[in-house]
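Written below as structure tokens is the structure these notes are about.
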Amino acid sequence: MRTQLLLAWVVAASGELLPESTLTTDCYGFPSASFSRDNCVKCSYGASPYVPFEVGSPLPDFTLSGVSLSSLLATGQPAVLMWGMWTCPAFQGLGTSPPFDECSYRDEFDLVESFHDRATFVHLMGPEPHPVTPDVNFDSGKILMNYWSTVSQPRTWTERLQLAARLRPMMHPKTVFLVDTFADNPDDPRNSPVWCSLGQGARTALIVHPDGTLRYSLDWFHAGDLAAELDKLLTELAGGGSAGSSSAA
């Protein structure tokens, strides 16, 4: 079940994103090192997914393929950051009960269709959660294969882009699709800076206030929860309500 944690919304004094230099890269030594039972999200933080920011705190700016978070927020609209990878069964629509009941790419498409004129939606792609053996799950370091475990873990920029080409047709045309970079990308030689810094998970979702603070956080994308929170935030931005924010696990 999703546990709702209501937190006070504390707007950062600066009202700005943190500098991009605060991003973390090369987490878990990947891709040079492999994920394992001693090198995984759960064994590092005790739980997975792991989002290292609290609601109300400023997020770091980031730039992928020439698109920055700050430029997206400059429109005055909130941004919704959504992770989703090919081998994630929740993204592919396997789940039928909470928190996976509204977690698929189809649910994402419908959410974007409903709000694309009032919010910016960014789909982010990072490491694969359920690659084919001998690669392992980054959450637990174990071999956890499913119906979509048809590919090895990409370890180069070219390999990740090839897999990203499968995802793009599944998204709403208004979605901004950004692929997290690898150090062998000649235009951006960093290893997964956005996944390492903002959401170490397979299907995490964040709502970013136009001032750069984290408004809402979900360990697992859920279209209904995101829609409700977006409605509240948009009402507040229009001057029709009081500030409030929440996080869900």
Side-chain angles (χ1 to χ4, degrees), residues 20 23-45 48-52 62-67 69 81-94 103-105 108 121-171 175-206 219-221:
E20 192 162 349
L23 292 174
T24 298
T25 62
D26 300 289
C27 55
Y28 308 100
F30 179 77
S32 297
S34 297
F35 297 106
S36 69
R37 295 191 184 206
D38 298 316
N39 188 40
C40 62
V41 180
K42 285 183 180 178
C43 60
S44 297
Y45 300 104
S48 181
Y50 172 67
V51 177
F62 65 81
T63 304
L64 293 173
S65 300
V67 179
L69 178 58
L81 309 182
M82 313 167 290
W83 277 258
M85 278 68 87
W86 177 262
T87 62
C88 176
F91 173 74
Q92 294 285 3
L94 186 62
C103 198
S104 76
Y105 69 90
E108 178 180 319
F121 290 85
V122 182
H123 187 105
L124 293 155
M125 180 184 178
E128 288 298 320
H130 298 277
V132 69
T133 183
D135 291 325
V136 299
N137 170 254
F138 57 64
D139 293 307
S140 65
K142 302 176 183 178
I143 294 174
L144 295 175
M145 295 176 61
N146 63 67
Y147 298 119
W148 293 275
S149 299
T150 58
V151 296
S152 299
Q153 181 69 263
R155 285 180 166 80
T156 68
W157 178 235
T158 297
E159 289 173 351
R160 186 172 279 176
L161 286 179
Q162 289 172 343
L163 195 52
R166 298 190 188 186
L167 290 184
R168 175 72 262 193
M170 303 165 74
M171 295 172 200
T175 298
V176 179
F177 182 33
L178 298 178
V179 182
D180 213 354
T181 187
F182 267 137
D184 67 330
N185 176 1
D187 298 320
D188 189 359
R190 301 175 293 170
N191 281 321
S192 301
V194 181
W195 186 81
C196 289
S197 302
L198 290 177
Q200 295 179 22
R203 195 66 171 122
T204 52
L206 311 175
D219 285 350
W220 295 96
F221 177 99

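- Scanning for salt bridge (charged side-chain N to carboxylate O under 4.0 Å, His left out) contacts around E159 gives an empty result, with sequence neighbours left out.
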Practice problem: Would you sort out whether Y50 and K42 count as a side chain to side chain contact (heavy atoms under 4.5 Å, CB included), showing the intermediate values? | Solution: CA-CA 8 Å; Y50 172 67; K42 285 183 180 178; over 6 Å; no

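- Atom CG of residue D26 and atom CG of residue N191 lie 4.5 Å apart, to the nearest 0.5 angstrom.
- For residues 185-195, the set of pairs meeting the salt bridge (charged side-chain N to carboxylate O under 4.0 Å, His left out) definition, not counting sequence neighbours, comprises E20-R190, D188-R190.
- Listed by chain and residue number, nothing satisfies the ring pair (Phe, Tyr, Trp, His ring centres under 6.0 Å) test with H130 (two or more places apart in sequence, or in another chain).
- A side-chain donor-acceptor contact under 3.5 Å links S44 to the backbone of C40.
- In this structure N146 satisfies the side-chain hydrogen bond (donor to acceptor under 3.5 Å, both in side chains) test with no other residue, sequence neighbours excluded.
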With a 3.5 Å cut-off and sequence neighbours excluded, list the donor-acceptor pairs that the side chains of residues 131-139 form with protein atoms.
| unit_1 | atom_1 | unit_2 | atom_2 | d |
| --- | --- | --- | --- | --- |
| D135 | OD1 | R155 | NH1 | 3.1 |
| D135 | OD1 | R155 | NH2 | 3.3 |
| D135 | OD2 | Q153 | N | 2.7 |
| N137 | OD1 | D139 | N | 3.0 |
| N137 | OD1 | S140 | N | 2.9 |
| N137 | OD1 | S140 | OG | 3.1 |
| N137 | ND2 | P129 | O | 2.7 |
| N137 | ND2 | D139 | OD2 | 3.4 |
| D139 | OD1 | S48 | OG | 2.2 |

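- Looking at residues two or more places apart in sequence or on another chain, you find no salt bridge (charged side-chain N to carboxylate O under 4.0 Å, His left out) involving D184.
- With sequence neighbours excluded, the residues that form a side-chain contact (heavy atoms from CB on, under 4.5 Å) with A90 are C88, F100, C103, W220.
- For C196, the disulfide bond (SG atoms under 2.5 Å apart) partners are C27, not counting sequence neighbours.
- The side-chain hydrogen bond (donor to acceptor under 3.5 Å, both in side chains) analysis of residues 196-205, with sequence neighbours excluded, yields the pairs Y28-Q200, E108-R203.
- A distance-only check finds no donor-acceptor pair linking the side chain of Q92 to the backbone of S104 [under 3.5 Å].
- For F30, the ring pair (Phe, Tyr, Trp, His ring centres under 6.0 Å) partners at least two apart in sequence or on another chain are F35, F182.
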